[in-house]
2 protein chains.
Amino acid sequence: MSIQDAHNISLQCGACPIRHRAVCARCETDELLLLEEIKYYRSFEAGQTVAWAGDKMDFVASVVSGIATLTQTMEDGRTQMVGLLLPSDFVGRPGRETAAYNVTATTDLLMCCFRKRPFEEMMLRTPHVAQRLLEMTLDELDAAREWMLLLGRKTAREKIASLVAIIARRDASLKLRSPQGRMVFDLPLTREAMADYLGLTLETVSRQISALKRDGVIELQGKRHVTIPDFDLLLTEAGDDNDGGYLI
Amino acid sequence: MSIQDAHNISLQCGACPIRHRAVCARCETDELLLLEEIKYYRSFEAGQTVAWAGDKMDFVASVVSGIATLTQTMEDGRTQMVGLLLPSDFVGRPGRETAAYNVTATTDLLMCCFRKRPFEEMMLRTPHVAQRLLEMTLDELDAAREWMLLLGRKTAREKIASLVAIIARRDASLKLRSPQGRMVFDLPLTREAMADYLGLTLETVSRQISALKRDGVIELQGKRHVTIPDFDLLLTEAGDDNDGGYLI
DNA sequence: GCAAAACCTTGACCCAAATCAAAAGCACCC
DNA sequence: GGGTGCTTTTGATTTGGGTCAAGGTTTTGC
């Protein structure tokens, strides 16, 4: 077996009510049954804090439903989001005792948790899980680097278009579709959370969303419900080279 | 053995002429001998490109000496650095065929390379190496998130102070010292590379360096040679909460 | 040792996004 | 039904950093 063949497991237990990504047949009966024994669920209400930076964190977890964010805050209150956790995303670091970031539920949130010690022991016994975790971490690092380009070099308008495209893509992937043409979904973030994601103020976010609406790049029903008439146009506005590399 | 006990190996072979980080005794005789069999060296001149984004990349590597950068470029030429590789840093992704970023030598560079296929096979046989790679990737993700806070929320002055502090810390760690008090080292980057790191223009970098010099936060001999009279003052300018967590 | 090139600094001006301010829309709850 | 307290939108103004331009300094190569 090569690394490329590693099971595309989501690192949630076999019984979790999500199958957002293709899961190979073996995962049902193999490593994930080990996870089964050490799991427990925790739910949080919208706005609740899962952990403060510095808190003891004795579990790792997989998001089952809802949205959570990782944020960093400076002493004077400036806040930057550094992670956005959607269903099937993994949070927590084996080998670290405390949370490095504030983890906040931005919607009602259900997480499938694994006590850290047994999880770490399981990782040592089952290299497939460790390898999958490495793969997921490398994906996250790629996403972080894309995000760095956005923060460092994109205009406010491009930032908003990029964020909408990212959410559209993730939404399509949860529905096992390719992002293409007309797309409909809900923005899972407030204007303030978007601002913290993009390194902008919420006023600028609001203004740029209005501008994209005015220019027909996006349509809005209410504050949250978005229709994208043309995904390629959105990508152009985002400044991304549309290389088709986002197909699921 | 727990995950915390995993060897603090640098993922360079036992024969590489660097020991920048504490390396446990076993690493000399154990997994790294396996690396020994599949390694080869490559050197690059300052300014040379190691790989363009999209190029086939059939090796992973550890930096032995010199500096390399990972950069992303938009179609119109806007450039953002997304990785800075100093000696002992690892580059390349098991399980991916092509480079995702431009990799450029900014000084003369020596890399200790491992052909990807044998390296991947070795990872499957020796979980310690995979675990160490996971640990290093998680560290890199943390660094990327710190970088995101810098890009999204810090002022130009804070960005420069942060970068100088980061380089000072890395330099101290290469010398197996704690960053503290008076420090002397060379900036390994041009003003333009700093600008690409920080999401600024090179003019702003130059202006802010002049300002920090004028205010006594840093001293400069020539363009590159820096003296920091007071590391804590620099950290204050960087907007970091000085929690002492940077000790090696 | 000198010319050319590359790199760096400084100045003047401009603009995108921040800040400050106010009003409008919306959800929740007695 | 109509406060009460959010969140969002929009407007007016300010400002930090970008852009354009010129000149200075260091490095490179013959």
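Each chain gets a letter, A, B and so on, in the order its sequence line appears, and its residues count up from 1.
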- Could you tell me whether B/S210 contacts a base, only the sugar-phosphate backbone, or nothing, with contacts defined as non-hydrogen atoms closer than 4.0 Å?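 Sugar-phosphate contact only.
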- Sugar-phosphate, base or nothing in reach of B/T190, heavy atoms under 4.0 Å: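 Sugar-phosphate, no base atom in range.
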Does the side chain of [Y] come within less than 4.5 Å of [X]'s, by heavy atoms?
| X | Y | value |
| --- | --- | --- |
| B/K159 | B/L150 | yes |
| B/F90 | B/E140 | no |
| A/D171 | A/D186 | no |
| B/L70 | B/L84 | no |

- Query: Along DNA chain D, 5' to 3', what are the outermost nucleotides having an atom less than 4.0 Å from a heavy atom of chain A?
  - Reply: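 Using the under 4.0 Å cut-off, the span is D/dT8 to D/dA12.
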Quickly work out the [X] [atom1] to [N] [atom2] distance and round it to whole Å.
| X | N | atom1 | atom2 | result |
| --- | --- | --- | --- | --- |
| B/R207 | C/dC7 | CZ | C1' | 16 Å |
| A/Q208 | C/dA16 | CD | P | 10 Å |
| A/E192 | C/dA18 | CD | P | 14 Å |
| A/R224 | C/dC26 | CZ | P | 13 Å |
| B/L220 | C/dT9 | CG | P | 8 Å |
| A/R153 | C/dA16 | CZ | P | 17 Å |

- Message: Using OP1 and OP2 only, check whether a side-chain N or O of B/R191 sits under 4.0 Å from C/dT9.
- Response: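 For C/dT9, OP1/OP2 do have a side-chain N/O of B/R191 under 4.0 Å.
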- With a cut-off of under 6.0 Å to the ring centre and 45° to the axis, is A/R145 in cation-pi contact with B/Y101?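 A/R145 over B/Y101 ring: yes.
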- Message: Under 6.0 Å from the ring centre and within 45 degrees of the ring axis: does the NZ or CZ of A/R115 meet both conditions for the six-membered ring of A/Y40?
- Response: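 No cation-pi geometry.
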Side-chain atoms of residues 194-203 of chain B: list all donor-acceptor pairs with protein atoms under 3.5 Å, sequence neighbours left out, distances to 0.1 Å.
{"unit_1": "B/D196", "atom_1": "OD1", "unit_2": "A/R153", "atom_2": "NH2", "d": "3.2"}
{"unit_1": "B/T201", "atom_1": "OG1", "unit_2": "B/T204", "atom_2": "N", "d": "3.4"}
{"unit_1": "B/T201", "atom_1": "OG1", "unit_2": "B/T204", "atom_2": "OG1", "d": "3.1"}

- Identified side chain to side chain contact (heavy atoms under 4.5 Å, CB included) partner of B/I218 from the options B/I160, B/T227, B/D230, B/I209: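 That would be B/I209; it is the only one of B/I160, B/T227, B/D230, B/I209 passing the side chain to side chain contact (heavy atoms under 4.5 Å, CB included) with B/I218.
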- Pair B/K213-B/E219, side-chain contact (heavy atoms from CB on, under 4.5 Å): steps then yes or no: CA-CA 6 Å; B/K213 193 167 57 174; B/E219 294 160 19; 5.9 Å; no
- Query: Counting only non-hydrogen atoms, which of residues 193-205 of chain B are less than 4.0 Å from DNA chain C?
  - Reply: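 Under 4.0 Å from DNA chain C: B/L202, B/E203.
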